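All values derive from a computational prediction rather than experimental measurement.
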Amino acid sequence: MDRPARVAVVGAGPAGFYAIEALLKNDVAVAVDLYNRFPPPYGLVRDGVAPDHQAIKSVTRIYEKLLARDEVRYLGNVTLGKDVSADELRSWYDMVVYAVGAQTDRRLWIDGEDLEGSYAATAFVGWYNGHPDYRDAEFDLSCEHVVVVGNGNVAIDVARILVLDLERLQTTDVSDHALAALRESRVKEVTLLGRRGPAQAAFTNKELKEFGQLDGVSVDVRSEDLDLDPVSQALVDSESVRTRNMKTLREFADASIEAGDRVVRFRFLVSPMEILGDDGRVSGVRVERNRLVEQDDGSMRPRGTGETETLGCGIVLRSVGYRGAPITGVAFDDRRGIIPNADGRVVGEDGSPLTGEYVVGWAKRGPSGVIGTNKADAAATVASMIEDLEGGTHLTADLDADPMRILRDRGVEVVDLEGWARLNAHESAAGEEQGRPRVKLCTVPEMLEVIRGGA
Ligand code: NAP
């Protein structure tokens, strides 16, 4: 190609930025338009990473530098499938990269899931992080016991936020509406339910250990839950994160529960069977005890023993994973909840690559891994893109089309880098006044008002 390849990256979260980073590191010249659904960039780093984990958020410094590059243009507040169609992107660009993440949550498919007080953990995360979709969500924290279903890092995050000292939380960028509700919270106990054993837990050790370092928080683990079968023991011995998790859980089991502390309790080998209600509100969870059964591939799956018990609680947070959502005009594998692909090349129903369409991050592999996982993941997709560009396999961009102008002409209030800088400065200044990293604006109209210079 005798001009820079025109590339659209859709989604300004970690996966999108690592795709841009990998593209810019190559010898092939590119001009990248980075689209994002909301005015501010950074995806789950802004809206997902827990507010008391600010150090993780410093990864945005790398993304800021990429945004400032001449080859990159930011188009925030543009939703694919609403403000712009997939067909339009395919006509305006030589290549389109979907970095759209996993926008919804997995369900448990049990009775009582829709009772008042049964919430997706992803919604709770969005709410305390000021994600515009959850600005108006309401979490009634007037109960004393919360059950969290799942043993991943999101389960750990939501449990920690529920028991965290407010002195600490109020120095973070937690949303103001969540801070106000957490001040009134009566929650004293949080129980995390793992359907498999401690050896199979998905959380990582740093996150687990943190419970032992929180003021006013005790951890309750039953020692008998830590007796492992030989297959689970071999798994623990083979992976250092699991070895460390077992060590931490044993320390928790040996420690005593301090009177007056809030308590985080771990229960393993239990599956929720039904969320129980009273007058339409959650009153408990009926769980079944599981045993582990070895599969042909050596993994351990839970199997119900028929033995059940009821845990009384006022809230159930379902933390069993995010899930991708389909976008009109973009291929989607409904079973796996991802954009179907081979080496990051989006494939059609017959499994053959769709020219010029690529995918990175959670939309490519499902909701797994930490932020850094997306770097190698994006680099692999970009390797496919470069191979295709060099081989002449790409779409043909309409060079007369200026997407920024077309979108603005049709009334889309596209937020460019300058607009984001204005919003960023506003939020940071408000944060500085309160000794916090930022005070987030949590609705798009409020954000746009600041960006327009109206506030
Ligand atoms: P996850 O790590 O995949 O954990 C999902 C959990 O839900 C697993 O324990 C899983 O158990 C359980 N589960 C699934 N279906 C279930 C069912 N029907 N009944 C009971 N339990 C069920 O997902 P996540 O916690 O949502 O996290 C998503 C990704 O973001 C992960 O890669 C995570 O590490 C990352 N993350 C990282 C951080 C951090 O680094 N601090 C913070 C938040 C999130 P099985 O194992 O038995 O399937």
- Query: Are V97 and I20 side-chain neighbours, meaning at least one heavy-atom pair lies under 4.5 Å?
  - Reply: no
- Note on the structure: Across all chains, not counting sequence neighbours, the salt bridge (Lys or Arg N to Asp or Glu O under 4.0 Å) partners of D140 are R281
- Query: Taking all non-hydrogen atoms of both residues, which atom of P4 and which atom of D94 are closest, and how far apart?
  - Reply: O-OD2, 4.4 Å
- Message: Please report the interatomic distance CD1(I161) to CG(L317), rounded to the nearest 0.5 Å.
- Response: 12.0 Å
- Message: Does D343, at its CG atom, have more than 12 non-hydrogen atoms belonging to other residues, nucleotides or ligands within less than 6.0 Å?
- Response: no
- Item | CD/E349: more than 12 non-hydrogen atoms of other groups inside 6.0 Å | no
- Quick one: pull up CG in L66 and CZ in R61 and give me the separation to the nearest 0.5 Å. 14.5 Å
- L162 CG to K188 NZ distance, which is reported to the nearest 0.5 Å: 14.5 Å
- Looking at P51 and V174, what are the two nearest heavy atoms and their distance? CB-N, 3.6 Å
- Note on the structure: Tightest non-hydrogen contact, residues A155 and S319, listed as N-OG, 3.1 Å
- Rounding to 0.5 Å, atoms OH (Y119) and CD (E138) come to a distance of 8.5 Å
- Query: Is there a side-chain contact between V359 and T381 (heavy atoms, below 4.5 Å)?
  - Reply: no
- Between the side chain of R242 and the main-chain N/O of A199, is any donor-acceptor distance below 3.5 Å? yes
- Query: Within the side chain of T373, is there an N or O that forms a donor-acceptor pair under 3.5 Å with the backbone of V370?
  - Reply: yes
- Item | Least distance between heavy atoms, R3 atom then R6 atom | NH1-N, 4.0 Å
- Item | Passing option when R436 is tested against D176, T171, D173 for side chain to side chain donor-acceptor pair (under 3.5 Å) | D176
- Query: Are the side chains of D416 and R408 in touch, meaning some heavy atoms are under 4.5 Å apart?
  - Reply: yes
- Measure up the F17 and Y42 rings against each other and bin them: parallel (under 30°), tilted (30 to 60°), perpendicular (over 60°). tilted
- Query: Aromatic rings F124 and Y128: how do their planes relate, parallel, tilted or perpendicular, breaks at 30° and 60°?
  - Reply: perpendicular
- Could you walk me through whether R195 and R301 pass the side chain to side chain contact (heavy atoms under 4.5 Å, CB included) check? CA-CA 9 Å; R195 64 176 167 180; R301 299 307 310 163; 3.4 Å; yes
- Task: For E210, enumerate each residue passing the salt bridge (Lys or Arg N to Asp or Glu O under 4.0 Å) test, keeping only those at least two apart in sequence or located in another chain.
- Result: R160, R168
- Item | By side chain to side chain donor-acceptor pair (under 3.5 Å) - contacts of E432 (at least two apart) | none
- Within residues 330-342 or reaching into it, pairs that qualify as side chain to side chain donor-acceptor pair (under 3.5 Å) - sequence neighbours excluded: R323-D334
- Query: Where is the tightest heavy-atom contact between M385 and V7, given as atom of each residue plus distance?
  - Reply: CE-CG1, 4.0 Å
- side chain to side chain contact (heavy atoms under 4.5 Å, CB included) between L80 and V330, intermediate numbers included: CA-CA 10 Å; L80 174 59; V330 181; 4.2 Å; yes
- Message: The test is salt bridge (charged side-chain N to carboxylate O under 4.0 Å, His left out); show your working for E427 and R46 and say whether it passes.
- Response: CA-CA 12 Å; E427 290 188 338; R46 179 180 164 105; 2.9 Å; yes
- Task: Dump the intermediate steps for side chain to side chain contact (heavy atoms under 4.5 Å, CB included) on V49 and I371, then the final yes or no.
- Result: CA-CA 10 Å; V49 171; I371 293 170; 3.9 Å; yes
- Take atom CD of E239 as the centre, draw a 6.0 Å sphere, and report whether it contains more than 12 heavy atoms from other residues, nucleotides or ligands. yes
- Whether over 12 other heavy atoms sit under 6.0 Å from R410 CZ: yes
- Of all heavy-atom pairs linking I451 and L423, the shortest is CG1-CB, 3.9 Å
- Task: Go through S299 and D297 one step at a time and tell me if the side chain to side chain donor-acceptor pair (under 3.5 Å) criterion holds.
- Result: CA-CA 6 Å; S299 66; D297 63 1; 2.7 Å; yes
- Query: Is a donor on one side and an acceptor on the other found under 3.5 Å between the side chain of R262 and the backbone of V163?
  - Reply: yes
- Task: Ignoring hydrogens and angles, tell me if any N or O in the side chain of D165 forms a donor-acceptor pair with the backbone of G216 under 3.5 Å.
- Result: no
- Message: For the backbone of A15 and the side chain of N374, can you confirm whether one donor and one acceptor N or O come within less than 3.5 Å of each other?
- Response: no
- Would you find a donor on one side and an acceptor on the other, under 3.5 Å apart, between the side chain of D83 and the backbone of L407? no
- Task: Verify whether the ring centers belonging to Y74 and W420 lie closer than 6.0 Å.
- Result: no
- Min side-chain heavy-atom separation D133-R37 under 4.5 Å: yes
- Message: I want to check something: taking the side chain as every heavy atom from C-beta on, are L311 and L193 in contact at a cut-off of under 4.5 Å?
- Response: yes
- With sequence neighbours left out, the residues meeting salt bridge (Lys or Arg N to Asp or Glu O under 4.0 Å) with R183 are none
- Message: Can you classify the ring geometry of W362 versus Y322 as parallel (below 30°), tilted (30 to 60°) or perpendicular (above 60°)?
- Response: tilted
- Task: Using a cut-off of 6.0 Å, state whether more than 12 heavy atoms not belonging to D70 lie near its atom CG.
- Result: no
- Message: Looking at D114, is its backbone amide N or carbonyl O close enough to the side chain of S118 to form a donor-acceptor pair, meaning the two atoms are under 3.5 Å apart?
- Response: no
- Message: Does D279 have more than 12 heavy atoms from other residues, nucleotides or ligands lying within 6.0 Å of its CG?
- Response: no
- Query: Can you tell me if R196 uses its side chain to pair, donor with acceptor, with the backbone of M300 under 3.5 Å?
  - Reply: yes
- Query: Below 4.5 Å, heavy atoms only, C-beta onward: do Y98 and V346 meet side chain to side chain?
  - Reply: yes
- Task: Kindly state each residue pair satisfying side chain to side chain donor-acceptor pair (under 3.5 Å) with at least one member in residues 25-35, sequence neighbours excluded.
- Result: D33-R73, D33-Y93, Y35-Y93
- Task: Could you tell me the separation between the CD atom of E387 and the CG atom of L389, rounded to the nearest 0.5 Å?
- Result: 10.5 Å
- Message: Counting neighbours of CD on E167 that are heavy atoms of other residues, nucleotides or ligands and sit closer than 6.0 Å, is the number greater than 12?
- Response: no
- Check against side chain to side chain contact (heavy atoms under 4.5 Å, CB included), V146 and V158: CA-CA 10 Å; V146 175; V158 298; over 6 Å; no
- Query: Does the Q200 side chain pair with the main chain of G197, one donor and one acceptor, at a distance under 3.5 Å?
  - Reply: yes
- Task: Can you label the angle between the W127 ring and the H177 ring as parallel, tilted or perpendicular, going by 30° and 60°?
- Result: tilted
- Query: Do V100 and I339 come within less than 4.5 Å of each other through their side chains, counting heavy atoms only?
  - Reply: yes
- Item | Check: N151 and F268 side chains under 4.5 Å, non-hydrogen atoms | yes
- Task: May I ask you to decide if I110's main-chain N or O and E113's side chain share a donor-acceptor pair within less than 3.5 Å?
- Result: yes
- Message: Would you compute the distance between atom CG of L179 and atom CD of Q170 and round it to the nearest 0.5 angstrom?
- Response: 6.5 Å
